[in-house]
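Small disclaimer: the values here were computed from a predicted structure and weren't measured. Chain letters run A, B, ... following the sequence lines, proteins first, then strands; residues in each count from 1. What you see below is based on every heavy atom in this structure, not just the backbone, and it leaves out hydrogens, waters and symmetry mates.
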Number of protein chains: 2
Amino acid sequence: MSALPSTARSTYRHGDLREALVAAGVDLARAGGPDAVVLRETTRRVGVSPNAAYRHFADRQALLKAVSDRALGFVADRIEDEVVAIPMTDAATHARSLLRAVGTGYIAFAREEPGLFRTAFSVPDNLASADAPSKAGAGGRTPYQLVGMALDEMLAAGLLPAERRPNAEFLAWSSVHGLGMLVIDGPLRGLTGPMIDHATQRVIDMVERGL
Amino acid sequence: MSALPSTARSTYRHGDLREALVAAGVDLARAGGPDAVVLRETTRRVGVSPNAAYRHFADRQALLKAVSDRALGFVADRIEDEVVAIPMTDAATHARSLLRAVGTGYIAFAREEPGLFRTAFSVPDNLASADAPSKAGAGGRTPYQLVGMALDEMLAAGLLPAERRPNAEFLAWSSVHGLGMLVIDGPLRGLTGPMIDHATQRVIDMVERGL
DNA sequence: CGTATGATGTGTACAGTGTCCACAATGGCA
DNA sequence: TGCCATTGTGGACACTGTACACATCATACG
């Protein structure tokens, strides 16, 4: 039992097939977006029969949903990467930097991992489940929560009038999300890196000014 | 030969099979989004063999692209519906109304025809082809052109500084497009009509103020 | 007028997909 | 030890996109 090739499963039971399937699905999504998350190919990569997946997911759509949630967690991770780089300053400057970090991290992820970005938003969602733990990154926060945190700091720093705070997430998120979509699939596709950076900064400026 | 049932094709040649396929594809897209534009089902509806489609489209993706362009034309139509309802006023008010009409028409279409809206943006595009005639509506203008026209009026009316005019389309479009996506598939799904209307107005306000 | 020819549609075939069903192996619990 | 729920397998089916060879027609040209 101890000298089996590491690629082969020594036990009949897989151990954590569900996790392995999600991981394989993420690889497929990374390379080809949501449509590439093909059930049979996913199981093939894990070295298991196609039907094995049905012990862990109701159908292909359920597998895709799990992959999508994982991808949203990666979005959160990428945003947090930007957040930790923010220097210590006064509250107002920090709040603005935070909002900027959320936007730039979001767009950076869209450009670096277009397949995962598309996958993250390919499955219908709603407000009630936007903060489900399955969508959180390593830091335990979802992208939606990160946007909310930035806006809370803006409010606390006096940069956002209290009467405009409710649902301000909608505005900030819409703008940045739209830019991300248009950049990877839409008419803004093919823009050079600097142009996208510039557009990102302008969108964030607009949000800050327009909130 | 003269008493054939009207549902049957009397001639071997179809007449305009390409157009018929696009129309059938639009019906499928309306009901089920881009994934529902299935080549075999499309040809079945037109009453033709699956391979007939290959005389007019290189593959399924090419058919989907044609359907997507058509859907973009419908977006333009919906926007123009809002535009014609604008009353005559002074230039500044008209410019603002125009920008607002573009935004509300865009979001209205997303809500009224989510399947077509998703289909319209499911095929990779780029700036060079954003104004292709195949994407124009009955008025001969593409959605992108309509956004540009609104911004041109804003500029002419002195509501948009000249140095900010270049690429302002990116900002306006990103915000509204993002809202549309989030409303039909994203976390904002399931919001009530009035809430969406309100969010739409706020997003447009933000764009106007932030441009 | 008749016929060659290019354009358009058909039939058959194949690999790949999601999913259903019946069955098999396993490991933990009585 | 023996039972049995859990987890995985194998085979089957309907469906998909698409390649290849063939049939049919519309017309341009002799």
| Nearest-Å distance, CZ (B/Arg55) to P (C/dA7)? | 10 Å
| Does the distance from a Lys or Arg side-chain N to an Asp or Glu carboxylate O, for A/Asp205 and A/Arg100, drop under 4.0 Å? | yes
| task | Before accepting this row, confirm whether a basic side-chain N of the pair A/Lys135/A/Asp131 lies closer than 4.0 Å to the acidic partner's carboxylate O. | result | no
| task | Within residues 25-42 of chain B, find the residues that approach DNA chain D with a heavy atom at under 4.0 Å, and present them sorted by residue number. | result | B/Val38, B/Leu39, B/Arg40
For residues 109-121 of chain B, please give each side-chain donor-acceptor pair under 3.5 Å, one per line with the distance, not counting sequence neighbours.
residue: B/Arg111; atom: NH1; partner: B/Asp197; partner atom: OD1; Å: 3.0
residue: B/Glu112; atom: OE1; partner: B/Arg78; partner atom: NE; Å: 2.9
residue: B/Glu112; atom: OE2; partner: B/Arg78; partner atom: NE; Å: 3.4
residue: B/Glu112; atom: OE2; partner: B/Arg78; partner atom: NH2; Å: 3.1
residue: B/Glu113; atom: OE1; partner: B/Arg30; partner atom: NE; Å: 3.4
residue: B/Glu113; atom: OE2; partner: B/Arg30; partner atom: NE; Å: 3.3
residue: B/Arg118; atom: NH1; partner: B/Asp185; partner atom: OD1; Å: 3.0
residue: B/Thr119; atom: OG1; partner: B/Gly115; partner atom: O; Å: 2.6

| message | As an exercise, state the distance from CD of A/Glu153 to CG of A/Leu98, rounded to the nearest 0.5 Å. | response | 5.0 Å
| message | Does D/dT16 have its OP1 or OP2 closer than 4.0 Å to a side-chain nitrogen or oxygen of B/Arg44? | response | yes
| Do you know which two heavy atoms are closest between A/Arg189 and B/Pro124, and how far apart they sit? | CZ-CB, 3.6 Å
| Would a 4.5 Å heavy-atom cut-off, applied to side chains only, mark B/Asn167 and A/His198 as touching? | no
| query | Listed in order of residue number, which residues of residues 56-64 of chain B have a non-hydrogen atom at under 4.0 Å from DNA chain D? | reply | B/Asp59, B/Arg60
| said: Quick one: does any side-chain atom of B/Arg202 pair with a main-chain N or O of A/Arg164 as donor and acceptor, under 3.5 Å? | reply: yes
| query | About how many Å separate CZ of B/Arg55 and OG of B/Ser49, when rounded to the nearest 0.5 Å? | reply | 9.5 Å
| Ignoring hydrogens and angles, are the base of C/dT12 and the side chain of B/Asn51 linked by a donor-acceptor pair under 3.5 Å? | yes
| message | If I take atom CG in residue B/Asp16 and atom P in nucleotide D/dA26, what distance separates them, rounded to the nearest angstrom? | response | 16 Å
